[in-house]
Amino acid sequence: MADEWTRAMVADRLDLAADVMRSMPPVRPQGYVSAWPEYVSTFADQVEQEPRMKKPLPSPRMITQADEAMLWLRWVDKDIGEILWARANRDAWKKISWHHGISRSAANRRHEYGLAVIVWKLNGRTVPRKRSMEYVIEQTV
């Protein structure tokens, strides 16, 4: 990868992980079958309809990168990890704020702090415990 990780790179990787998890086929119990018959459409049914394009499954490399990115969430507190994952899944700030009982600016600050902590860890540095969130965020790009 690159020599130094940035917050934008970490956020992009978490977004990729969320996209990969969304595009994976659903997990069903073994032996799952449907009793409904397959609907066979005639030519008249398909006239003037848009073709249904199937999204391609993610590549093995994308799945590996997604797994790696989800392991990064262990490095932050549980609530900050939930905020990071919610933003990667494109949840609205309002929903995140209500769920955690904090203001939008506090949720954004915790999001940036979580990204910064992951950047520090990926770059091989230890996060100082006696410094403020702002200091940790400012030390990353």
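Predicted model only: the values in this text are computed from it and were never measured.
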One should read off an interatomic distance between Asn123 CG and Trp5 CH2, to the nearest 0.5 angstrom, of 9.0 Å
Please find the pair of heavy atoms, one from Val127 and one from Lys121, that lie closest to each other, and give the distance. CG2-CE, 4.5 Å
CZ/Arg13 to CE/Met62 distance, rounded to the nearest 0.5 angstrom? 11.0 Å
Going hydrophobic residue to hydrophobic residue with side-chain gaps under 4.5 angstrom, can you get from Trp85 over to Tyr113? yes
Do Asp19 and Arg90 have side chains that get closer than 4.5 Å, going by heavy atoms? yes
Quick check on the hydrophobic clustering: are Val119 and Leu14 connected, directly or via other members, by side-chain heavy-atom contacts under 4.5 Å? yes
For residues 96-104, run the donor-acceptor check on the side chains, cut-off 3.5 Å, and write out each pair with its distance to 0.1 Å, sequence neighbours left out.
residue: Ser97; atom: OG; partner: Trp93; partner atom: O; Å: 2.8
residue: Ser103; atom: OG; partner: Ser105; partner atom: OG; Å: 3.2
residue: Ser103; atom: OG; partner: Ala106; partner atom: N; Å: 3.2

Taking C-beta and beyond as the side chain, do Leu84 and His111 meet within less than 4.5 Å on heavy atoms? yes
Min side-chain heavy-atom separation Asp12-Leu16 under 4.5 Å: no
Scan the side chains in residues 128-141 for donor-acceptor partners under 3.5 Å anywhere in the protein, sequence neighbours excluded, and list what turns up.
residue: Ser132; atom: OG; partner: Tyr135; partner atom: N; Å: 3.2
residue: Thr140; atom: OG1; partner: Arg7; partner atom: NH1; Å: 2.9
residue: Thr140; atom: OG1; partner: Ile137; partner atom: O; Å: 2.9

Common cluster, Val76/Ile83, ILVMFWY with side-chain heavy-atom separation under 4.5 Å: no
Approximate separation, where rounding is to 0.5 Å, of Asn89 CG and Met21 CE: 10.5 Å
Closest heavy-atom pair and its distance - Ala17, Ala66: CA-CB, 3.6 Å
Euclidean distance, Arg110 CZ relative to Glu82 CD, rounded to 0.5 Å: 11.0 Å
Under the side-chain contact (heavy atoms from CB on, under 4.5 Å) test, which residues partner Arg61, sequence neighbours left out? Ser59, Gln65
In terms of heavy-atom contacts, Val20 and Pro58 come closest through CG1-CG, 3.9 Å
When hydrophobic residues are tied together by side-chain contacts of less than 4.5 Å, even through go-betweens, does Val10 share a cluster with Ile80? yes
